[in-house]
Amino acid sequence: MEEIEVKDNPLGIRIFVNGKPNIGNMSEEEFSLFVSSLELRMSEYFEKQSK
């Protein structure tokens, strides 16, 4: 896993990926799925942290 830096990260969350996604080569549909997946995982993470 590799840590990536995100330009807009107001929460200061450290983000790790298996390889780096090449967002520039993704179709609009793939990009939407990628972002939705990140959003879901972040939501799950915060729900676990708040318990």
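As the structure is a computational prediction, the values presented were derived from the model and not from experiment. Because only heavy atoms are used, hydrogens play no part in the values below, and waters and symmetry mates are left out as well, while side chains stay in.
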N/O donor to acceptor pairs below 3.5 angstrom from side-chain atoms of residues 10-19, sequence neighbours left out:
unit_1, atom_1, unit_2, atom_2, d
Arg14, NE, Glu3, OE2, 3.2
Arg14, NH2, Glu3, OE1, 3.3

(message) Can you list everything that forms a salt bridge (charged side-chain N to carboxylate O under 4.0 Å, His left out) with Glu28? Sequence neighbours excluded, please.
(response)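 For Glu28 there are no salt bridge (charged side-chain N to carboxylate O under 4.0 Å, His left out) partners, ignoring immediate neighbours.
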
(request) Please say whether more than 12 non-hydrogen atoms of neighbouring residues, nucleotides or ligands are located less than 6.0 Å from CD in Gln49. (result)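 Yes, the 6.0 Å shell around CD holds more than 12 heavy atoms from other groups.
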
(message) Between Ile4 and Tyr45, is there shared hydrophobic-cluster membership here, with clusters defined by ILVMFWY side-chain heavy atoms closer than 4.5 Å?
(response)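 Ile4 clusters together with Tyr45.
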
Please report, to 0.1 Å, the donor-acceptor pairs under 3.5 Å made by any side chain of residues 34-41, with sequence neighbours excluded.
unit_1, atom_1, unit_2, atom_2, d
Ser36, OG, Ser32, O, 2.9

